[in-house]
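Read through the structure below, which is laid out as structure tokens, and then see the notes.
FYI, side chains are in, hydrogens and waters are out, and symmetry mates aren't considered; it's all heavy atoms of this structure. Chain letters run A, B, ... following the sequence lines, proteins first, then strands; residues in each count from 1.
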Number of protein chains: 2
Amino acid sequence: MNTLEKITKNLDTFSKSERKVAEVIIASPQTAIHSSIAALAKLADVSEPTVNRFCRRLDTKGFPDFKLHLAQSLANGTPYVNRHVDEDDGPEAYTSKIFESSMACLEAAKNSLDPHAVNRAVDILTQAKKISFFGLGASASVAQDALNKFFRFNVPVSSFNDVVMMRMSCIVSTEDDVIVLISHTGRTKAMVDIANLARQNDSTVIGITKKESPLAAECSLVLSMDVPEDTDVYMPMASRIAQMSLIDVLATGFTLRRGEKFRENLRKVKQSLKDSRIEK
Amino acid sequence: MNTLEKITKNLDTFSKSERKVAEVIIASPQTAIHSSIAALAKLADVSEPTVNRFCRRLDTKGFPDFKLHLAQSLANGTPYVNRHVDEDDGPEAYTSKIFESSMACLEAAKNSLDPHAVNRAVDILTQAKKISFFGLGASASVAQDALNKFFRFNVPVSSFNDVVMMRMSCIVSTEDDVIVLISHTGRTKAMVDIANLARQNDSTVIGITKKESPLAAECSLVLSMDVPEDTDVYMPMASRIAQMSLIDVLATGFTLRRGEKFRENLRKVKQSLKDSRIEK
DNA sequence: CGCCACCTTGAAAAATAATTACATTTGACG
DNA sequence: CGTCAAATGTAATTATTTTTCAAGGTGGCG
């Protein structure tokens, strides 16, 4: 655990003098790590052995070891946490918070994603005769983004955000087709129906959704990510960022599986954009 | 800069003995920070002053100070860097790399974004009679996502990924309209034309694009982010994640500006989704 | 209330670690 | 082959940390 947090948490288990040391350190950890035990003792108005005992109480070998731990916890500094935007935040504050929440979300997503599932998903996608990406509402843009990636692979890809089109597409799907359904909650009725429909035609259904959700139950393979809920803002935010990164991962896995020759393809697609651009 | 990287980078500026020290530290930084100068000197098979000189060469006050710096850089663990995917990466490796690159990109984006520009953009958006989000290719999904956010605000919003529709929309735009153009490179001819067209009607044009690009030159306000280029993969990846987060920021700024009463609106929109969902 | 046991604290000594000063080695170059 | 400067090491010095031990509190209990 983070050393600084540990000090704060255990404040009441310390003796009087030790608490003085703790307070000085909490007040200015940067000073603490750059001071000798003598200097710190003086700052806290206690004796040097007291500081040493304080360090040992925090499961360190002594003062230098304690400084090391403290330094690490400062560097680490709980890097990105999901912080909620306050009513009176200025532009700088809410900008930072949103970006940091997105980063925290990606971190959580990365850690909760199962690499085996990713690998199987890539397997399935590389063998697909046709790939469809479906998403509704906020997930529609993720599906569209996936289309933008995968069409470069010279595989038939489609993406709809129209439920009727999705149904029609599923009705004519075959066992060689793969359908990727994107839904944050996994509780959208229409999506569950689509999954069911596709399965009836023996198509493979990959769900980018919450595990143990109704949608997940209908999928051949579930790619789930535990991301912190964006509770107090009434819009899905961070979850989509994670979904989109997952699409990036799948696309990357796809290209890797296809080897060097295939990448020539991508180069050509990129090249084709040139004419639509203004030269430097 | 990260101390460990610094050691690696400056390997050739060290003398023979100092390099021995560097190698021992690189091989096992964890051992290094938990050793005394004597122990480390022995490991590297050099004398103690050599270790000390090595530390000073890296702009530290001495050995203990060096250990502190090293400890911090280890804790930090080169937090998120844009790492390129290798040919022979397994699913675990490329998944981590993609997510970490996205995080590195968000970090860079956050730091390069100008809060004043964000604030002005929010100003402009809150005063708009009509808002349009336009993007082509990879940016189309960002535009669609923006639509999904802003339609909740009870402002007329539109989003096209069809150049002709964009043009028509711009032709009939007025000075109270705001057009948000999303383009990573800022060099897409069609987008530059659109910006020009909109400006002719005195509409306000906000560009989410690269600064000093042809598109940026045509915009009333530019929101630029310096994100690391995704060079060796032939698809835009991280840049879109940053753009999407920026949309989140703008949407958040918008709701904050409108105050509590307005948020009731958002609650209703969220509520309306309920019937399309399966209850827990 | 007072005594004892125990805990807390600090002074000083001892031990450990880091730095400095200086000597020796090494190697480049005339 | 000698000279000089840079690099390295030895040993002494200094700084820093840790230990030991004694003094001062604190609270329990007769």
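A:S36 is linked by a side chain to side chain contact (heavy atoms under 4.5 Å, CB included) to A:A38, A:A39, counting only residues two or more places apart in sequence or in another chain. Applying the side chain to side chain contact (heavy atoms under 4.5 Å, CB included) criterion to B:S47, with sequence neighbours excluded, gives B:P49, B:T50. For B:F63, there are no ring pair (Phe, Tyr, Trp, His ring centres under 6.0 Å) partners, not counting sequence neighbours. Not counting sequence neighbours, the partners of B:N119 by the side chain to side chain donor-acceptor pair (under 3.5 Å) test are B:R257. For B:S245, the side chain to side chain contact (heavy atoms under 4.5 Å, CB included) partners are A:F99, A:S102, A:I241, B:L106, not counting sequence neighbours. Residues forming a side chain to side chain contact (heavy atoms under 4.5 Å, CB included) with A:D89 (at least two apart in sequence, or on another chain): A:V85, A:D86, A:A93, A:Y94, A:K97.
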Given salt bridge (Lys or Arg N to Asp or Glu O under 4.0 Å), test B:R57 with B:E18 step by step and report yes or no.
CA-CA 10 Å; B:R57 200 173 295 278; B:E18 283 169 352; 2.9 Å; yes
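Distance, B:K20 NZ to D:dA7 C1': 12 Å, rounded to whole Å.
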Report, one pair per line, the protein and nucleotides 17-19 of chain C atoms (nitrogen or oxygen only) whose separation is under 3.5 Å.
| from | atom 1 | to | atom 2 | distance (Å) |
| --- | --- | --- | --- | --- |
| C:dA18 | OP2 | B:I37 | N | 2.4 |
| C:dT19 | OP2 | B:N52 | ND2 | 2.0 |
| C:dT19 | OP2 | B:F63 | N | 3.1 |
| C:dT19 | O5' | B:N52 | ND2 | 3.2 |

Distances for protein N/O vs nucleotides 6-9 of chain C N/O pairs under 3.5 angstrom?
| from | atom 1 | to | atom 2 | distance (Å) |
| --- | --- | --- | --- | --- |
| C:dT9 | OP1 | A:S17 | N | 2.8 |
| C:dT9 | OP1 | A:S17 | OG | 2.6 |
| C:dT9 | OP2 | A:S15 | OG | 2.3 |
| C:dT9 | O5' | A:S17 | OG | 3.1 |

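Pairs of residues two or more places apart, or lying in two chains, never qualify as ring pair (Phe, Tyr, Trp, His ring centres under 6.0 Å) while including a residue from residues 23-42 of chain B.
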